[in-house]
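Structure first, then comments.
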Amino acid sequence: MNQTIDAQRALHHQLILLEIVERLSVNATLAEGLAVLPDLVRQAVQADGVCLVIDSGRDRLYSAGADDVAEKAFHQNKAMLLAAVAQGEWLDTAVEGAWATLGSLGLARLVAVPIRDERKSNGLLVIGYTSAYTLDEVDKIFLKIVARQLSTGLRSAQIRDRLMAILNHSTDPIIVIDQAGLIALANPAAEQALKLPVDASVIGQRVEDVIHSEPLLALLQSTSNEKPDKPSEWQSETGQTFIVLVASLAGNTPTSSGRVLIMRDVTRFKQLHANHTDFVDTILHDLRSPLTYMQGYANMLPMVGELTAKQRDFADKITTGITQMTDLVEKSLDAGRLDPETGYYQLNREFCDLAKVASDVVATHQQSAEKKGLKLDAQIDPNLPLLNLDVMLVKRALNNLVDNAVKYTPGGGTITVSAFTKDETVVLSVHDTGLGISPENQRHLFERFRRVHRTEHQRVKGSGLGLFVVKNVAQRHSGDAWVESVEQVGSTFSMSIPIAGANLPGIAGKSTSG
Ligand code: ADP
């Protein structure tokens with residue numbers, strides 16, 4: 001008979017345990033789980049009062065039973081109870097001997113069960129009986145399991161709370177989408193940036209029903225995990241600019257897998273960058289006119305009187321310095337306005353005879369080439385089509401290439417400027433018999449401020465902006481720029497301009513579109 005009763009009790013305990021486990025493992029309802037737990041324990045171990053104390057710096061108490069006797073007993077014997085559980089020990093008045101204070105509450109027995117993980121105490125369960133109930137092994141095992149379960153539940157709740165605090169206070173919008181494309185999480189920053197309802201009603205909704213921005217949806221739904229060359233930028237309706245990152249979540253279960261969208265607000269940096277660019281631009285513009293008249297006066301020096309050899313040498317040095325500064329100012333201005341990310345320059349298209357552009361550039365450099373002992377040739381196809389291009393920019397780009405060939409080719413060499421059609425494009429190329437460039441250096445040559453340092457070119461001045469400008473001029477005309485080079489043999493720098501689209505004169509005519 002006793003065995004049947006024990007088996008029934010054990011089953012009853014197990015059912016209650018299951019309920020406790022369920023309540024504690026659903027994180028969102030942990031507080032609810034804690035609130036009902038004392039009563040479930042009270043039923044299982046037939047106590048008259050149960051009090052759960054969660055020690056989180058400030059005690060949180062949950063109690064069950066008539067008159068909250070267990071809670072009152074806890075308050076009356078707090079120091080002793082906490083000292084015992086801090087050591088991880090059970091305290092049982094049936095073993096220790098009854099305390100006088102319990103009598104005043106009508107309690108005959110008090111049991112305190114520590115709740116702790118490997119490192120520290122998290123609280124205790126206080127169980128009170130008005131009669132001397134015999135707490136047997138079945139009850140004790142039950143209480144041990146409850147205490148263990150509580151400690152695990154509290155720990156995961158703590159981790160979850162910390163993560164939620166980070167997410168809630170993050171100024172970066174974050175959205176998590178599960179494998180089925182349903183929203184699993186959206187932090188307050190995301191609610192604000194994407195104008196989502198703030199009442200968590202988006203959770204469980206299909207992402208395309210909640211996010212209405214096509215570019216963002218495309219990013220979220222792209223299956224590629226490859227890092228893009230350039231971070232994706234997105235502008236909100238409120239005018240904020242975000243860098244958008246999408247990563248896959250490889251969880252162990254279908255519900256923990258999915259995608260996470262993280263957006264970084266770069267509005268302020270963009271503004272700072274714009275201010276900085278404006279500032280540099282203003283300075284560069286303002287430098288132009290003093291440089292022009294300095295150049296003029298320096299050139300006129302020999303006209304106002306005979307110069308000694310030393311004076312002529314100084315005047316030449318001044319002129320060279322001014323030329324370098326002017327070149328740097330012009331290239332910096334070009335690089336700034338053509339910058340693919342921040343440049344504001346609109347192409348000023350007009351009819352363009354590339355043959356004339358090429359021959360003009362060759363003529364401009366003839367003297368400096370000769371001075372250096374270089375042969376400068378032109379091979380220009382007389383039947384090049386007339387195109388609709390930004391003549392000033394194309395001329396500047398070709399000028400940079402010829403200028404480089406003259407600067408970097410040792411005396412005695414040959415430079416050939418060619419202009420021809422190939423595969424529906426016009427190609428402008430500059431070949432030299434200079435020192436050539438290694439394959440490693442060729443790869444980065446068209447990047448901003450990139451210069452190759454070699455002893456032979458130590459005295460050659462430059463900014464590392466010329467080829468960056470060339471590449472961007474070509475790209476703004478839907479073409480490209482590249483180099484072919486063999487060390488100790490020479491280099492050929494080319495830029496292509498497609499005979500198509502806006503480059504065709506018939507289509508856009510004279511326009512300012514890019
Ligand atoms: P800069 O000439 O002002 O330094 P560029 O962007 O025009 O800047 O050129 C980048 C680098 O490419 C140069 O510093 C030089 O090392 C290399 N380079 C350019 N043209 C040639 C060339 N024709 N022959 C050898 N090296 C060159």
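Indexing begins at 1, ligand by ligand and atom by atom, following the structure's order. Quick note: numbers below take in every heavy atom, side chains included, and nothing from hydrogens, waters or symmetry partners. Note that the structure is predicted; figures quoted are calculated from it, not measured.
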Could you tell me which atoms of ligand 1, counted from 1 in the order shown, lie closer than 4.0 angstrom to a heavy atom of [X]?
| X | value |
| --- | --- |
| Arg450 | 10 (C), 11 (C) |
| Leu465 | 6 (O), 8 (O) |
| Gly464 | 1 (P), 3 (O), 4 (O), 6 (O), 8 (O) |
| Ile437 | 25 (C), 26 (N), 27 (C) |

Point to revise | Any N/O pair Gly466/ligand 1 closer than 3.5 Å | key: yes

Check your understanding: So is Ser463 polar-close to ligand 1, meaning N/O to N/O under 3.5 Å?
Key -> yes

Are the side chain of [X] and the backbone of [Y] linked by a donor-acceptor contact shorter than 3.5 Å?
| X | Y | answer |
| --- | --- | --- |
| Asp390 | Asn348 | yes |
| Ser496 | Asp480 | yes |
| Lys372 | Thr409 | yes |
| Asp178 | Ala184 | no |
| Asp432 | Ser491 | yes |

Revision key, fill the gap. the protein heavy atom lying closest to atom 13 (C) of ligand 1 turns out to be Tyr408 OH, 3.3 Å

**Study point:** Phe279 and His276 aromatic ring geometry - parallel, tilted or perpendicular at 30°/60° bounds
**Key:** tilted

Exercise for review: For the pair Asp281 and Arg337, find out whether any cationic side-chain nitrogen is under 4.0 Å from an anionic carboxylate oxygen.
Suggested key: no

Practice item. Indicate, as side chain, backbone, both or neither, the part of Lys407 found under 4.0 angstrom from ligand 1 when only non-hydrogen atoms are considered. Key: side chain

**Study point:** Per-residue contact class, Phe493 against ligand 1 - non-hydrogen pairs under 4.0 Å
**Key:** side chain

Revision key, fill the gap. Judged by heavy atoms only, the candidate from Asp432, Leu467, Asn404 nearest atom 23 (N) of ligand 1 is Asp432

